[in-house]
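In what follows, every chain begins at residue 1, and chains take the letters A, B, ... in the order their sequences are listed.
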Number of protein chains: 2
Amino acid sequence: METDMLPTIRHSLTDNVKDELMRYIRRMDLSESTKLPSELTIAQNLGVSRITVCRVLGDLEQENVIFRIHGKGTFVNPEALQIKISLNPAQEFHQLIERSGHRPQVKMVRMEQDLICPGIAKKLALAPDAPLLRTEKVYYADEEPAILCFNYFSRAVFAEIPSWEEFENTSAFFLLRERAGRVMMRDRIEMEAKEISELLPLTDQVKHFNCKALLQFDTINYDQNNQPAMYGLCYYNTNFIRFNLLRNQNIY
Amino acid sequence: METDMLPTIRHSLTDNVKDELMRYIRRMDLSESTKLPSELTIAQNLGVSRITVCRVLGDLEQENVIFRIHGKGTFVNPEALQIKISLNPAQEFHQLIERSGHRPQVKMVRMEQDLICPGIAKKLALAPDAPLLRTEKVYYADEEPAILCFNYFSRAVFAEIPSWEEFENTSAFFLLRERAGRVMMRDRIEMEAKEISELLPLTDQVKHFNCKALLQFDTINYDQNNQPAMYGLCYYNTNFIRFNLLRNQNIY
DNA sequence: TCCGATTTGTACGTATGTATT
DNA sequence: AAATACATACGTACAAATCGG
């Protein structure tokens, strides 16, 4: 059976140009100059049309990797290259921990198969009394608890419910994709700050977190048909996981 | 004297098309269908070329307002329209409070003109012993404290330092623009969760916050030349200000 | 002050490819 | 298999901002 697990290789021209430009940017000596060659020069060097280069530069500008000044040129934004943990796009927890400079580990703490919870069922667009599947995992950074994560699914999404070991060793995104045919495309998160004691009713795992407050992400994950397929409640110890975000500002 | 305060009116074709499309989307009955007309139809209706429509749709897709399915059509993402407080782009605090359904108020709490703080001077790309200007403001939502905000500037950015009243009644962005010629274009934020007692050394204002933990944004604001012009330390009571964010997911 | 040269910004027309129905 | 609809790419043209002479 072929699973086609890897992200499909993109070979559109813009993607190639984007990769090539990013390689160029990373090799630049930014302390000397942050100016990129002109669009025309880039286009000629890469053997593509200017409009293609222009689109790529537009994308990179929206990602704040570069900024353009009309009539002057295109410049690298050095800030963007320093960021290790970006809020956007979503990243795997293991990656988050690794990129913040620690060794990641997971422990599955609990698993429930017949939870009834109308509030969460509603977020998943299910009937209020639909049975839910819930997992609780703790992610460690160098033995220290760094992320606490609850995932909720409709019990019916999986024809056969994955085992404890599968949940522990595999990301929920992968399981949803491979075992339920649901590919997560987007998520919507809502952010809150919580003090440890506020979370004790939820789980006693928080007692092991070496901090006083946690960053809470209330997340709904949507699949390829824009249907909610997973609800997540994630708590980050911001001493380990410190999200960064570059924003454009339109304030006057 | 003409201040030219208002955001310059955009009248590029893509902006018009975007506004027109957004109006169309907001008037749609999404419970019936979320499908938009085809690119060609939109182009013909608006009297523009298909490529222009395509670019606008691409922008809206990146903002998660719509999503497109190859060969099938373009669809509205109803989630995006429900979001009141988005993390992206940056918004004025008054707006944040208003959009979360409360009446906003500000109080200037403190102002210091000759602060020496090497750590913050470094973030502002200043000499370690450069004198800093600091303001402390509290924003209220219906009389309840909702946001605590410290702003740091180089004392030298303002030829004449704005008065207490000006700082209280005007946004720092406006003052920087009008009194220092620095237009804020981007910011970089780093997020942490803090328990109230951790913040007491900073200010006793936190005692009045009716919550146990605050969401901290550590923010550097960059001007039109990509130079840091303001450093901000902002604390949000997430019972009032609840940021939402739509993300694309590339997890496998 | 003005005038070109350079560079980005915007828009159109056209063509081809690919997925869905 | 055909029609429809999105995806990508090229060439061209002109506008607007910046900079140096």
task = Enumerate the residues from residues 23-46 of chain A whose closest heavy atom to DNA chain D is under 4.0 Å, giving them by residue number; use none for an empty result.
result =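 None - not one residue of the stretch has a heavy atom sitting under 4.0 Å from the strand.
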ask   = Nearest 0.5 Å, what's the NZ-CG distance between A:Lys84 and A:Leu81?
value =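 A:Lys84 atom NZ to A:Leu81 atom CG measures 12.0 Å (nearest 0.5 Å).
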[X]: what forms a ring-ring contact (aromatic ring centres under 6.0 Å, His included) with it, not counting sequence neighbours?
X        : value
A:Phe243 : A:Phe217, A:Tyr236
A:His94  : A:Tyr139
A:Phe158 : A:Phe153

request  = Would you tell me whether B:Asn226 and B:Arg186 have side-chain atoms, one donor and one acceptor, within less than 3.5 Å of each other?
outcome  =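 Present: a donor and an acceptor within the cut-off.
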inquiry  = Does anything in residues 55-67 of chain A come within less than 4.0 Å of DNA chain C? Heavy atoms only, and list the residues if so.
reply    =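 Hits under 4.0 Å, by residue number: none.
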ask   = From the list C:dT8, D:dC10, D:dA7, which nucleotide is the closest neighbour of the side chain of A:Thr52?
value =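 Looking only at side-chain atoms, A:Thr52 lies closest to D:dC10.
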ask   = What is the per-nucleotide protein-contact pattern of nucleotides 11-21 of chain D, from the 5' end, where B denotes a base atom under 4.0 Å from a protein heavy atom, S denotes such proximity for sugar-phosphate atoms only, and - denotes neither?
value = B----BBBS--
inquiry  = Tell me whether the side-chain N/O atoms of A:Arg68 come closer than 4.0 Å to OP1 or OP2 in C:dT7.
reply    =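 Negative; the distance criterion is not met.
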inquiry  = Please confirm whether the shortest side-chain N or O distance from A:Thr74 to OP1 or OP2 of C:dT7 is below 4.0 Å.
reply    =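 No, outside the criterion.
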Can you list everything that forms a side-chain hydrogen bond (donor to acceptor under 3.5 Å, both in side chains) with [X]? Sequence neighbours excluded, please.
X        : answer
B:Arg99  : none
B:Thr52  : B:Ser49
B:Arg247 : A:Asp187

key: Partner residues of A:Arg55 under the salt bridge (charged side-chain N to carboxylate O under 4.0 Å, His left out) criterion, sequence neighbours left out   =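 Applying salt bridge (charged side-chain N to carboxylate O under 4.0 Å, His left out) to A:Arg55 gives none.
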task = Please list all pairs passing the ring-ring contact (aromatic ring centres under 6.0 Å, His included) test where one or both residues lie in residues 30-78 of chain B, with sequence neighbours left out.
result =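 The answer is B:Phe67-B:Phe75.
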request  = Mind jotting down which residue pairs meet the ring-ring contact (aromatic ring centres under 6.0 Å, His included) criterion with at least one end in residues 31-64 of chain A? Sequence neighbours excluded, please.
outcome  =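 Those involving residues 31-64 of chain A do not exist here.
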request  = Please give the nucleotide sitting opposite D:dA1 as a Watson-Crick or G-U wobble pair, both distances under 3.5 Å, or none.
outcome  =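 For D:dA1, the partner nucleotide comes out as none, under the 3.5 Å rule.
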ask   = Nearest-Å distance, CG (B:Leu13) to P (C:dG13)?
value =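 Taking atom P of C:dG13 as the reference, CG of B:Leu13 is at 11 Å.
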